[in-house]
> 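Structure in C-alpha cells, see below.
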Amino acid sequence: MKHVIDLVRELVHKHGTSNPMDLAKYEDVHIEFDSYEETKGYFIKIGNIKYIVINQLLNEFLMLFVIAHELGHALMHHNNFCVMKYEKGVYLTQSHNTFISNCIYEKEANLFAVYLLKDYFEAYRADLPNELIEIIDSYTLSKIYKNNI
C-alpha cells in the first residue's frame, strides 16, 4: 500500500494542498452533489470524464472524507470498468456485484482519504462522527505496516 501513500505525497507536493476539492479540480475530476437516503457518494467515468457524486446531506467531515475516498478511486481505479458506490454497508458496481469491505479498492481509497486528510482530522478529532473515527483508527500507519493493509 506504499504506492497509495506515495501518490498522496506526490499530489500534495505537486499542487501545494491536501484539500480534496482543490485536488479534484487540478486533476480534472468533476464533483457533483445530490441528495440520497443511503448512498454517501460514488465515482463514475463516462467516456474520458471522471465524476464524483457526493451526498450533500452528509455532515462536513464525512463529506470531506467521502470526496477524498472517491478521489482515490478516480485517480487509482479509473481504468476499472465499474461504478463504485457505497450503500447500506455494501459496495456495488454497475453490474451489481458486491464488494466486501476488505476489497483492495476500498482499502486503497480509504487509505488515500485518511492519509490525505490526516492533519485536518487530527486537528478536529473531537468533532468527528464515530463512524469516521473508526475508519481513521483502522488506518493508522502502525496498523497499515503491521498488517500490510
Side-chain angles (χ1 to χ4, degrees), residues 1-34 36 38-56 58-122 128-129 131-149:
M1 295 286 244
K2 183 179 179 311
H3 65 281
V4 177
I5 292 171
D6 289 344
L7 175 61
V8 171
R9 287 179 179 153
E10 176 186 318
L11 285 169
V12 170
H13 177 75
K14 177 180 176 183
H15 298 297
T17 183
S18 61
N19 182 315
M21 301 262 313
D22 292 339
L23 291 173
K25 181 175 76 174
Y26 297 145
E27 293 293 317
D28 203 25
V29 178
H30 303 270
I31 299 177
E32 304 289 334
F33 295 89
D34 208 342
Y36 298 98
E38 299 290 334
T39 301
K40 291 179 175 72
Y42 58 93
F43 161 71
I44 185 170
K45 184 177 177 186
I46 302 172
N48 289 326
I49 302 172
K50 299 175 188 176
Y51 293 95
I52 293 171
V53 182
I54 300 297
N55 186 343
Q56 64 191 5
L58 299 175
N59 76 50
E60 65 181 288
F61 298 111
L62 196 51
M63 184 181 295
L64 195 61
F65 177 83
V66 174
I67 291 169
H69 174 99
E70 299 304 334
L71 181 61
H73 284 307
L75 298 177
M76 294 183 293
H77 308 135
H78 61 87
N79 290 325
N80 302 338
F81 186 72
C82 64
V83 175
M84 306 249 174
K85 180 169 111 174
Y86 181 79
E87 187 171 305
K88 297 182 181 178
V90 177
Y91 298 98
L92 304 171
T93 68
Q94 268 181 332
S95 62
H96 301 292
N97 294 326
T98 60
F99 277 86
I100 55 176
S101 62
N102 66 356
C103 168
I104 189 66
Y105 296 148
E106 295 306 319
K107 285 183 176 184
E108 289 178 343
N110 279 343
L111 177 57
F112 181 92
V114 168
Y115 196 73
L116 181 67
L117 297 169
K118 64 183 173 24
D119 294 335
Y120 180 77
F121 286 153
E122 187 176 305
L128 299 178
E131 175 183 10
L132 192 50
I133 290 172
E134 288 177 21
I135 294 169
I136 292 166
D137 287 349
S138 69
Y139 284 86
T140 61
L141 287 179
S142 62
K143 286 184 182 179
I144 291 165
Y145 291 118
K146 179 180 178 184
N147 297 322
N148 197 23
I149 290 179

> Please evaluate residues Leu128 and Glu134 with respect to the criterion side-chain contact (heavy atoms from CB on, under 4.5 Å), reporting the C-alpha separation (whole Å), side-chain torsions for both, the decisive distance (0.1 Å), and the verdict.
CA-CA 10 Å; Leu128 299 178; Glu134 288 177 21; over 6 Å; no
> Would you give the length of the straight line joining atom CD1 of Ile52 to atom CD1 of Ile31, rounded to the nearest 0.5 angstrom?
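One gets 5.0 Å once the value is rounded to the nearest 0.5 Å.
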> As a quick check of understanding, evaluate side-chain contact (heavy atoms from CB on, under 4.5 Å) for Glu70 and Lys40, giving each step before the final call.
CA-CA 10 Å; Glu70 299 304 334; Lys40 291 179 175 72; over 6 Å; no
> Determine whether Phe112 and Leu11 make a side-chain contact, defined as any pair of heavy atoms from C-beta on separated by less than 4.5 Å.
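A side-chain contact exists here, since the closest heavy-atom pair is under 4.5 Å.
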> Looking at side-chain heavy atoms only, is the closest gap between Asp119 and Ser18 below 4.5 Å?
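Asp119 does not reach Ser18 side chain to side chain.
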> What I'd like to find out is whether the side chain of Val114 reaches to under 4.5 Å of the side chain of Phe65, using heavy atoms alone.
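Heavy-atom side-chain distance check passes, below 4.5 Å.
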> Measure across Pro20 and Leu117 and return the closest heavy-atom pair with its distance rounded to 0.1 Å.
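Heavy atoms only, the tightest pair is CD-CD2, 3.7 Å.
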> His73 vs His69 aromatic rings, parallel, tilted or perpendicular, using cut-offs 30° and 60°?
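The rings of His73 and His69 stand perpendicular, inter-plane angle above 60°.
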> What distance do Leu64 atom CG and Met21 atom CE have between them, rounded to the nearest 0.5 Å?
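One gets 8.5 Å once the value is rounded to the nearest 0.5 Å.
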> Any chance you could measure Lys45, atom NZ, to Asn48, atom CG, to the nearest 0.5 Å?
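One gets 5.5 Å once the value is rounded to the nearest 0.5 Å.
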> Looking at every non-hydrogen atom in both residues, tell me the closest pair between Glu108 and Val4 and how far apart they are.
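Of all heavy-atom pairs spanning Glu108 and Val4, the closest is O-CG1, 3.7 Å.
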> To the closest 0.5 Å, what do you measure between CG (Leu23) and CD1 (Ile67)?
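That separation rounds to 11.0 Å.
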> Is the closest side-chain heavy-atom distance between Thr17 and Tyr26 below 4.5 Å?
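The answer is yes, as the side chains (C-beta and beyond) meet within the 4.5 Å cut-off.
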> Taking all atoms of both residues into account, what is the closest heavy-atom pair of Tyr36 and Thr39, and its distance?
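So the minimum-distance heavy-atom pair works out to CB-O, 3.5 Å.
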> At their closest point, which heavy atom of Tyr51 faces which heavy atom of Glu32, and how far apart are they?
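Closest pair (atom of Tyr51, atom of Glu32, distance): CD2-CG, 4.3 Å.
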> Which heavy atom of Pro129 sits nearest a heavy atom of Phe61, and at what distance?
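Pro129 and Phe61 have their closest heavy atoms at CD-CB, 4.1 Å.
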> Could you pull out the closest heavy-atom pair between Leu58 and Met63, with the gap in Å?
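The answer is O-CE, 3.6 Å.
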> Rounded at 0.5 Å granularity, tell me how far CG in Leu111 sits from CE in Met76.
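If I round to the nearest 0.5 Å, the distance is 7.5 Å.
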> Quick one: are Tyr115 and Tyr139 in side-chain contact, heavy atoms under 4.5 Å?
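Not in contact.
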> Heavy-atom count check: over 12 atoms from other residues, nucleotides or ligands less than 6.0 Å from His3 NE2?
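More than 12 heavy atoms, drawn from other residues, nucleotides or ligands, come within 6.0 Å of this atom.
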> Taking atom NE2 of His15 and atom CG of Asp22, what is their separation to the nearest 0.5 Å?
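One finds 10.0 Å between NE2 of His15 and CG of Asp22.
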> Other residues, nucleotides and ligands only: do more than 12 of their heavy atoms fall within 6.0 Å of CG on Asp6?
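Yes, CG of Asp6 has more than 12 neighbouring heavy atoms, counting only those of other groups under 6.0 Å.
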